[in-house]
2 protein chains.
Amino acid sequence: MGIAERREAGKKRMQSLILGAAMKLFLEKGFDNVSIRRIAEKIEYSPATIYLYYKDKSDILFALQAMGFEKFYTEQQAILSEKDMWKRLRKHAKVYLSFALKNPEYYDLMFIMRGPVKKMKEKKEWEIGRRSYEFLKKNVKEYMDTGYLKKTNLDVAAFAFWSLTHGIASLVIRDRCIMFPDNHLNAIIEGSLDFVMESIAKKKQ
Amino acid sequence: MGIAERREAGKKRMQSLILGAAMKLFLEKGFDNVSIRRIAEKIEYSPATIYLYYKDKSDILFALQAMGFEKFYTEQQAILSEKDMWKRLRKHAKVYLSFALKNPEYYDLMFIMRGPVKKMKEKKEWEIGRRSYEFLKKNVKEYMDTGYLKKTNLDVAAFAFWSLTHGIASLVIRDRCIMFPDNHLNAIIEGSLDFVMESIAKKKQ
DNA sequence: TTTATTTAATGAACATAGTTTAGTATATAG
DNA sequence: CTATATACTAAACTATGTTCATTAAATAAA
């Protein structure tokens, strides 16, 4: 391996060292309690060093968001094994929500936090987000084509599906469900999904 | 007016001076660019003075959140003039969304930001939030009773309605709709609402 | 091998943040 | 006229993101 490549590899190594430490800290301490300085301390480098590998903090959040989208995209592939489109529609919602609630930090980065937005907009084409949306659309199209979803504009139906699942996820993650007793919340969430899905979907029989 | 009352009135006056300045700054500069120090500067007091009237920053956010809920609650009363429950259901969603998109800062404080949560949980009964939720439930019950909404558990149906509208609002407010061209977004939102509402609701005829 | 140059890393500093404390005027009470 | 309570603030403390001049280490040139 040539010297330029080694340098490049070293750079990548350092970047993922930083990302790993950052994410670990976020999971342990929560976003509000993680600073560049703490990340630096964790990896035993000076704070200034981090700026040699990431332009600013928002750049780190953006990179972590990308990791979240990667994980999200991978886990979502599980729905494809379900060939019954009605069941897949339900599974789709379940998988979405389950990702959100099991990985609230990633979900927050992906769909709620302001931090990564600047970088998202800088990109002319924000591929990783686009890919997730295209996956959603592709499946919604199939739900529609197989007659389980009322026909309408594809973006409209996809956005409706997304809004519902995101709404649930973000209300829970951002602590807006405190009026429901903890032991009821799960049933309410499941019930809401059922309620809408079974109404939205024109269940053939 | 007795002296104790005058003091009390002065305290209230000062509190609303602070709140007013804070909100004005939030609207002008955005949440990230408003500090206690800037609020103090705006009202021409020292930063320390603010702490005589609010325990901490989160306390100020909580107070502003309450103002938001007040405004929200008031504006929502408009739906009651609609006696046709099917139309009211649609209007309800419209009014909710319209509040969110016309007052994104208030909406953020009410349903997205972490800032006010600590105080929300401290209260044994968070009346102002509870009141809004009860209003939602009361109306959802009427939609159900008049046969425009499939019968199910009340909390479930209310949460479903809320999740959908909140999902739309929060995706827009937190800039997650950048894949839609600006001039399409509105139609997609409206379309999604129509799509779900007309599916969810068992439109009598 | 010695010297010059690029690269990696950092210490110290800057600006700003939330918050606390000790202290100073000012108004009220005795 | 003194004592006490009230309203306010300057200054400090801790912590943040970020920058810059400088040093140490690795590489290239001589």
Side-chain angles (χ1 to χ4, degrees), chain A residues 1-19 21-23 25-26 28-64 109 113-119 122, chain B residues 1-19 21-23 25-26 28-64 109 113-119 122:
Chain A
M1 144 161 95
I3 153 163
E5 296 165 54
R6 177 150 60 243
R7 241 199 290 288
E8 196 51 39
K11 187 153 192 165
K12 285 240 155 60
R13 215 185 88 272
M14 192 70 180
Q15 282 179 328
S16 79
L17 183 67
I18 292 169
L19 283 195
M23 198 63 207
L25 283 175
F26 284 141
E28 278 172 24
K29 323 269 185 192
F31 286 110
D32 297 340
N33 303 306
V34 178
S35 59
I36 297 278
R37 290 169 137 95
R38 275 162 97 104
I39 298 171
E41 193 183 21
K42 181 111 178 171
I43 62 177
E44 299 184 282
Y45 280 86
S46 96
T49 301
I50 292 188
Y51 288 88
L52 301 177
Y53 299 94
Y54 288 100
K55 189 176 138 288
D56 54 25
K57 196 181 185 183
S58 146
D59 211 1
I60 295 177
L61 295 180
F62 181 77
L64 290 176
L109 276 166
M113 282 185 67
R114 281 253 151 71
V117 172
K118 214 183 107 213
K119 289 271 152 46
E122 271 172 30
Chain B
M1 143 161 95
I3 153 162
E5 297 164 54
R6 176 148 61 244
R7 239 200 290 289
E8 196 51 39
K11 187 152 191 164
K12 284 240 154 59
R13 215 184 87 272
M14 193 67 181
Q15 282 179 329
S16 80
L17 183 66
I18 293 169
L19 282 195
M23 197 64 205
L25 283 174
F26 284 142
E28 278 173 24
K29 323 269 184 192
F31 286 109
D32 296 340
N33 303 306
V34 179
S35 58
I36 298 276
R37 290 170 137 96
R38 275 162 98 105
I39 298 172
E41 193 183 22
K42 180 110 179 174
I43 61 177
E44 298 184 285
Y45 281 87
S46 94
T49 300
I50 292 189
Y51 288 88
L52 300 176
Y53 300 93
Y54 289 101
K55 191 178 138 289
D56 55 24
K57 196 181 185 183
S58 146
D59 212 1
I60 295 177
L61 295 180
F62 181 77
L64 290 175
L109 276 167
M113 281 184 68
R114 280 255 152 72
V117 172
K118 212 182 108 213
K119 288 271 152 44
E122 271 171 29

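A note on names: the letters A, B, ... follow the listed sequences, proteins ahead of strands, and every chain is numbered from 1.
Between the NZ atom of A:K57 and the P atom of C:dT16 there is a distance of 18 Å, given to the nearest Å. Counting to the nearest Å, the P atom of C:dA9 and the CD1 atom of A:I39 are 17 Å from each other. When rounded to the nearest whole Å, the span between CZ of A:R37 and C1' of C:dA17 equals 12 Å. A:Q15 has its CD atom 14 Å from the C1' atom of C:dA8, to the nearest Å. One atom, CG of A:D32, and another, C1' of D:dA15, lie 14 Å apart when rounded to the nearest Å. Protein atom CD1 of A:I43 is 10 Å distant from nucleotide atom P of C:dA9, rounded to whole Å. Here C:dA9 presents its P atom at 18 Å from CD of A:E41, a figure rounded to the nearest Å. The CG-P distance, from B:L52 to D:dT6, rounds to 12 Å in whole Å.
Using a 4.0 Å heavy-atom distance criterion, A:Y53 is classed as a sugar-phosphate-only contact. Counting non-hydrogen atoms under 4.0 angstrom, A:S35 reaches the backbone sugars and phosphates but no base.
For B:D56, counting side-chain heavy atoms from C-beta on, the closest listed nucleotide (C:dT19, D:dA10, C:dA13) is C:dT19. The nucleotide whose nearest atom lies closest to any side-chain atom of A:I36 is, among D:dA7, C:dG18, D:dG17, D:dG17.
Put simply, A:S46 has no side-chain N or O that comes within less than 4.0 Å of OP1 or OP2 on C:dA9.
Note that the OH atom of B:Y51 and the OG atom of B:S46 stand 10.5 Å from one another [nearest 0.5 Å]. Between the NZ atom of A:K118 and the CG atom of A:D59 there is a distance of 8.5 Å, given to the nearest 0.5 Å.
Here the closest heavy-atom approach between residue A:I36 and residue A:I60 is recorded as CD1-CD1, 4.0 Å. Residues A:K119 and A:D56 share a closest heavy-atom pair of NZ-OD1, 3.2 Å. Across all non-hydrogen atoms, the minimal contact from A:A21 to A:I43 is CB-CG2, 3.3 Å. Minimum heavy-atom separation, B:A63 to B:Y54: CB-CE2, 4.1 Å.
Five base pairs at each end of the helix from C:dT1-D:dA30 to C:dG30-D:dC1 define two local axes, and these are offset by 30° (rounded to 10°).
Salt bridge present: B:K42 and B:E28 bring a charged side-chain N and a carboxylate O closer than 4.0 Å.
Where A:Y51 and B:M14 each meet DNA chain D at their nearest nucleotide, the meeting point lying more 5' is that of B:M14.
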